[in-house]
Amino acid sequence: GVFGADETESAIRWILMERAEDFVWEARIPGNLSGSFYWYRLDGPDGPCSLFDPDFKVLDPYAKATVSRTGPGIVVDEGAFEQARQFPVPAWQDLVVMEGHTRDFVAGLPREEEGDSPLGFSELEAYVRDDSFYPSSLGVNAIELQPIQENDSQSYGEYHWGYMTANYFSPASSYASDPRKGSQVGEFRSLVEQLHARGMTVILDVVYNHVGEPAHLMFIDMLYYFHLEADGTPVNWSGCGNDLRCDAPMATRLIVESLKHFVQFYGVDGFRFDLADLVGKPVLQEIERELKAIKPDIVLIAEPWSFRGHIGRDLKDTGYASWND
């Protein structure tokens, strides 16, 4: 379903997709749709291991921006942006890493305008530009941001840690000055660029072991994308109510392509993988191969445990550092 940025949801036009010979469902819409909104709806067989709902509006897992955790997705013309410049990462033994939350970095700073607008990417960028940027006074040369991918924050102003991901490609709408216009795309790119100008490596905490609500991938294919008990109950070694089946080929592809997007389009320098035991060593190795092919000095960090086990020692022959919680 597609509707214009200047239209209300009542104007949505539902278009039937057709399955091609390679089993990919697609529909072609003529014209420049940049800035337009869209959702999917899917139907399928009923059963204890399915969650198909023809009335539920699914946010595209590959949406490059989204208005909120529920959608709609926003069509982004990546060609309208300049190519992100690669940043030379210092040797790992020379990294001084500070982990922080986008809003916590700027909470308490004087603001020109008090109001409903929450603190986000553009406010943090302004702080990074300022001579008073505190991490610089500590000798920090790497900022590790707690998750900035779209999360299941239920309102624009809600404080959210970010570890319940709703979309793996879109920067969080709750950190955008104008999420309906997809401003988070340009604002996060600009933040990364400004951190680089400060001489700082940019690392992101990323969460690929479980998803937040609504769990859009469950409405696409719960049996495929999630580990399930025999009765259809999601397995819960994450402690978050569901475990993503990261080693399913299309799930691995989704993970890898979203990571590559943040490296190539946003200029991100590295990632710290939440509960990496549930991502699994084979998928982590695939990620390492794919990312080092495009950025050889990428920083890769695994939080090596989950409630199921610990893979710290298993990663000793990989290019991952280990971060405990």
Is there a chain of hydrophobic side chains (I, L, V, M, F, W, Y, each step under 4.5 Å between heavy atoms) that links Phe169 to Leu59? no
Can you find a heavy atom in the side chain of Phe37 that is under 4.5 Å from one in the side chain of Ile74? yes
Glu288 side-chain N/O to Gly319 backbone N/O, donor-acceptor pair under 3.5 Å: yes
Can you check side chain to side chain contact (heavy atoms under 4.5 Å, CB included) on Ile298 and Val89, steps first, answer last? CA-CA 7 Å; Ile298 192 98; Val89 176; over 6 Å; no
Minimal non-hydrogen separation, Ala302 against Ala276, with atom names: CB-CB, 3.7 Å
Connected via hydrophobic side-chain network under 4.5 Å: Ile255 and Met164: no
With distance as the sole test, does Tyr320 use its side chain to make a donor-acceptor pair with the main-chain N or O of Leu284 at under 3.5 Å? yes
Candidate pair Tyr159 and Asp104, rule side chain to side chain donor-acceptor pair (under 3.5 Å), full reasoning: CA-CA 10 Å; Tyr159 178 88; Asp104 287 349; 2.9 Å; yes
Quick check: does any side chain N or O of Glu78 sit under 3.5 Å from a backbone N or O of Phe265, one acting as donor and the other as acceptor? no
Would Phe133 and Met200 satisfy side chain to side chain contact (heavy atoms under 4.5 Å, CB included), going step by step from the backbone distance to the final call? CA-CA 12 Å; Phe133 186 51; Met200 293 195 173; 3.7 Å; yes
Full working for side chain to side chain contact (heavy atoms under 4.5 Å, CB included) between Leu244 and Leu217: CA-CA 9 Å; Leu244 195 65; Leu217 289 170; 3.9 Å; yes
Assess the side chains of Asp130 and Ser132: does a donor N or O sit below 3.5 Å from an acceptor N or O? yes
Residue pair Phe226 / Val211, side-chain heavy-atom distance below 4.5 Å: yes
Picking from Leu204, Val283, Ile287, Asn209, what satisfies side chain to side chain contact (heavy atoms under 4.5 Å, CB included) with Phe273? Ile287
Going by atom types alone, do Asp277 and Ser306 pair a side-chain donor with an acceptor below 3.5 Å? yes
Note: Glu125-Arg129 ion pair, threshold 4.0 Å (strictly below): yes
Indicate, with yes or no, if the rings of Phe23 and Trp25 have centres closer together than 6.0 Å. no
Do the side chains of Asp274 and Arg272 get close enough for a salt bridge, i.e. N-O under 4.0 angstrom? yes
From CG (Asp231) to SG (Cys49), nearest 0.5 Å: 7.5 Å
Is there a path of hydrophobic side-chain contacts, each under 4.5 Å between heavy atoms of I, L, V, M, F, W or Y residues, that connects Trp14 with Leu33? no
Using a strict 4.0 Å threshold on nitrogen-to-oxygen distance, state whether Glu7 and Arg13 make a salt bridge. yes
Are Phe52 and Met250 linked, directly or through intermediate hydrophobic residues, by side-chain heavy-atom contacts shorter than 4.5 Å (ILVMFWY only)? no
Do His196 and Asp269 meet the criterion of a side-chain donor-acceptor pair at a distance under 3.5 Å? yes
Separation of Lys57 NZ from Ile12 CD1 (nearest 0.5 Å): 6.5 Å
Polar side-chain atom of Thr252 near backbone of Cys246 as donor-acceptor pair, under 3.5 Å: yes
Counting only heavy atoms from other residues, nucleotides and ligands, does the tally under 6.0 Å from CD of Glu21 exceed 12? no
Looking at Tyr134, I'd like to know if its OH atom is crowded, meaning that more than 12 non-hydrogen atoms belonging to other residues, nucleotides or ligands lie closer than 6.0 Å. no
Could you tell me whether Asp46 atom CG has more than 12 heavy atoms of other residues or ligands within 6.0 Å of it? no
Glu18 atom CD, neighbour heavy-atom count above 12 within 6.0 Å: no
Considering only heavy atoms from C-beta outward, does the side chain of Arg308 approach that of Leu278 to under 4.5 Å? yes
For residues Leu223 and Arg245, report the shortest heavy-atom separation together with the two atoms involved. O-NH1, 4.1 Å
Can you confirm whether Leu191 sits close enough to Ile148 that some side-chain heavy atom of one is under 4.5 Å from a side-chain heavy atom of the other? no
Parallel, tilted or perpendicular: which describes the rings of Phe56 and Phe219, with under 30° parallel and over 60° perpendicular? parallel
Donor-acceptor pair, Arg69 side chain versus Gln154 backbone, under 3.5 Å? no
So is Arg103 actually on top of Tyr175's ring, under 6.0 Å and inside 45° of the axis? no
Sidechain-backbone polar pair: Trp39 side chain, Thr70 backbone, donor-acceptor under 3.5 Å: yes
Give a yes or no on whether Phe188 and Tyr127 share a hydrophobic cluster (residues Ile, Leu, Val, Met, Phe, Trp, Tyr; joining criterion: side-chain heavy atoms under 4.5 Å apart). yes
When you compare the side chain of Trp305 with that of Leu275, does any pair of heavy atoms fall below 4.5 Å? yes
Is there a donor-acceptor pair closer than 3.5 Å between any side-chain N or O of Gln149 and the backbone N or O of Tyr168? yes
Would you call Lys295-Asp297 a salt bridge at under 4.0 Å N-O? yes
Separation between NE2 (His216) and CD (Glu150), nearest 0.5 Å, reads 8.5 Å
Can you find a pair of side-chain heavy atoms, one from Val75 and one from Val2, that are under 4.5 Å apart? no
Closest non-hydrogen atom pair, Ser183 against Pro179: OG-N, 4.2 Å
Tyr38 and Tyr40 aromatic ring geometry - parallel, tilted or perpendicular at 30°/60° bounds: perpendicular
Do you know which two heavy atoms are closest between Pro171 and Phe121, and how far apart they sit? CB-CE1, 3.8 Å
Could you tell me which non-hydrogen atom of Ala172 sits nearest to which non-hydrogen atom of Gln184, and how far apart they are? O-CB, 3.9 Å
Is it true that Lys281 and Asp317 make a salt bridge, defined as a side-chain N closer than 4.0 Å to a carboxylate O? yes
Given 3.5 Å as the limit, does a donor-acceptor pair link the side chain of Asp243 with the main chain of Trp237, or not? yes
Donor-acceptor under 3.5 Å (Asp205 side chain, Gln146 main chain): no
Could you tell me if Asn236 and His210 have a donor-acceptor pair between their side chains, going purely by distance under 3.5 Å? no
Flag side-chain contact, heavy atom, 4.5 Å: Glu187 against Ser177: yes
More than 12 heavy atoms of other residues, nucleotides or ligands under 6.0 Å from CD of Gln285: yes or no? yes
Between Tyr225 and Met218, is there a side-chain heavy-atom distance shorter than 4.5 Å? no
Taking all atoms of both residues into account, what is the closest heavy-atom pair of Pro135 and Phe105, and its distance? CG-CE2, 4.0 Å
Can you tell me if CG on Asp131 sees more than 12 non-hydrogen neighbours from other groups inside 6.0 Å? no
Would you say Thr165's side chain and Asn167's backbone share a donor-acceptor pair under 3.5 angstrom? no
Charged N to carboxylate O below 4.0 Å: is that the case for Arg289 and Glu286? yes
